[in-house]
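The structure under discussion appears below in the form of C-alpha cells.
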Amino acid sequence: MNLLESEDLGPVCIDECLPDGKYSQLANTSAIQDVDLTGWRLLRSVNNAPEISFAMPSNFKLDNRKSVKIYACDEDSERLPCDLVSSNISTWDVGHTIITRLLNDNDEEKAVHIQMIAK
C-alpha cells in the first residue's frame with residue numbers, strides 16, 4: 001500500500017516525485033500568475049536521513065500553468081531543454097518514507113509532498 005499526501009500554500013505545488021529518485025516536478029497551477037522562484041529550495045528527506053537540497057537558479061521564473069522537472073545529475077537522459085538538472089545531487093534517493101518540501105526565499109514552506117511506501 002502506498003500513501004501519498006500533498007499540501008500547497010500558493011500557486012506552486014510539488015506535482016510529482018518519482019519514488020525511484022529520478023526527478024521531482026514543480027507546477028504552477030495559476031491561470032494568470034508567473035512565479036519567480038529565485039532563492040527557493042526543494043528539500044527531500046528519505047527515511048529520516050538528512051535532507052537533500054536543491055536551490056533554484058537565479059532569475060528562474062515558472063510561467064503560469066507550466067511545470068519543470070528537476071533531475072538528479074545521473075538521471076537527465078530524458079529531460080527537456082526547459083527542465084533543470086542538479087550538478088551536485090546524484091539521486092533524489094529512494095526509501096519507504098519520502099518527504100519533499102518547497103521553501104520560498106524567506107524559508108517559508110510553500111508545498112509538501114509525502115510518500116509512504118509499504119515494505
Side-chain angles (χ1 to χ4, degrees):
M1 181 175 124
N2 296 343
L3 171 69
L4 177 66
E5 181 180 324
S6 292
E7 180 180 337
D8 308 316
L9 302 171
V12 179
C13 68
I14 301 169
D15 192 42
E16 184 177 15
C17 294
L18 291 190
D20 65 5
K22 188 174 186 176
Y23 66 80
S24 294
Q25 179 172 287
L26 303 179
N28 182 352
T29 60
S30 174
I32 57 172
Q33 179 184 3
D34 297 341
V35 179
D36 183 357
L37 297 180
T38 300
W40 289 42
R41 294 181 297 133
L42 188 65
L43 307 169
R44 181 168 162 129
S45 175
V46 178
N47 297 338
N48 295 317
E51 287 181 314
I52 299 165
S53 178
F54 175 79
M56 300 301 290
S58 295
N59 301 314
F60 184 80
K61 186 184 294 185
L62 188 55
D63 294 337
N64 65 77
R65 294 190 176 166
K66 298 292 183 188
S67 62
V68 63
K69 292 178 182 173
I70 304 167
Y71 284 87
C73 65
D74 292 344
E75 303 290 346
D76 68 347
S77 61
E78 299 174 19
R79 77 179 186 97
L80 299 174
C82 60
D83 291 331
L84 301 173
V85 178
S86 171
S87 60
N88 63 342
I89 298 172
S90 60
T91 178
W92 282 104
D93 215 351
V94 297
H96 300 290
T97 303
I98 303 167
I99 301 171
T100 307
R101 303 182 307 132
L102 180 65
L103 276 59
N104 69 10
D105 54 346
N106 293 319
D107 281 336
E108 299 167 329
E109 195 169 83
K110 300 308 279 183
V112 178
H113 188 274
I114 300 170
Q115 295 164 287
M116 299 182 85
I117 301 168
K119 296 180 183 180

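Keep in mind it's a predicted model, so treat the numbers as computed, not measured.
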Legend entry - Transitive ILVMFWY cluster of Leu103, excluding itself - 4.5 Å side-chain cut-off: Leu43

Legend entry - Whichever hydrophobic residues join Ile32 through chains of side-chain contacts under 4.5 Å: none

For residues 46-54, please give each side-chain donor-acceptor pair under 3.5 Å, one per line with the distance, not counting sequence neighbours.
| residue | atom | partner | partner atom | Å |
| --- | --- | --- | --- | --- |
| Asn47 | OD1 | His96 | N | 2.9 |
| Asn47 | OD1 | Thr97 | N | 2.9 |
| Glu51 | OE1 | Arg101 | NH2 | 3.3 |
| Glu51 | OE2 | Arg101 | NE | 3.0 |
| Glu51 | OE2 | Arg101 | NH2 | 3.1 |

Inset, instruction - For Asp105, enumerate each residue passing the side chain to side chain contact (heavy atoms under 4.5 Å, CB included) test, keeping only those at least two apart in sequence or located in another chain. - result: Trp40

Legend entry - Option from Ile14, Leu84, Thr100, Val35 for which side chain to side chain contact (heavy atoms under 4.5 Å, CB included) with Leu26 holds: Ile14

Legend entry - Met56: which of Leu62, Ile70, Asn104 passes side chain to side chain contact (heavy atoms under 4.5 Å, CB included): Ile70

For [X] and [Y], work out which heavy atoms get closest and say how close.
| X | Y | answer |
| --- | --- | --- |
| Gly21 | Ala72 | O-CB, 4.2 Å |
| Cys17 | His113 | SG-ND1, 3.7 Å |
| Leu42 | Ser24 | CD2-CB, 3.7 Å |
| Cys73 | Val85 | CA-CG1, 3.7 Å |

Quick one: list whatever passes side-chain hydrogen bond (donor to acceptor under 3.5 Å, both in side chains) with [X], sequence neighbours left out.
| X | value |
| --- | --- |
| Asp36 | Thr38 |
| Gln33 | none |
| Arg41 | Asp107 |
| Asn88 | Ser86 |

Inset, instruction - For the residue pair Tyr23 and Asp83, establish whether any side-chain heavy-atom pair is separated by less than 4.5 Å. - result: no

Inset, instruction - Find out whether Tyr71 and Lys22 are in side-chain contact, i.e. whether some heavy atom of one side chain is under 4.5 Å from a heavy atom of the other. - result: yes

Would the distance check show the side chain of [X] and the main-chain N or O of [Y] forming a donor-acceptor pair, the cut-off being under 3.5 Å?
| X | Y | result |
| --- | --- | --- |
| Asn106 | Glu108 | no |
| Asp34 | Asn64 | yes |
| Asp15 | Gln25 | no |

Legend entry - Single-linkage hydrophobic cluster, 4.5 Å side-chain cutoff, Val94 and Leu18 together: no

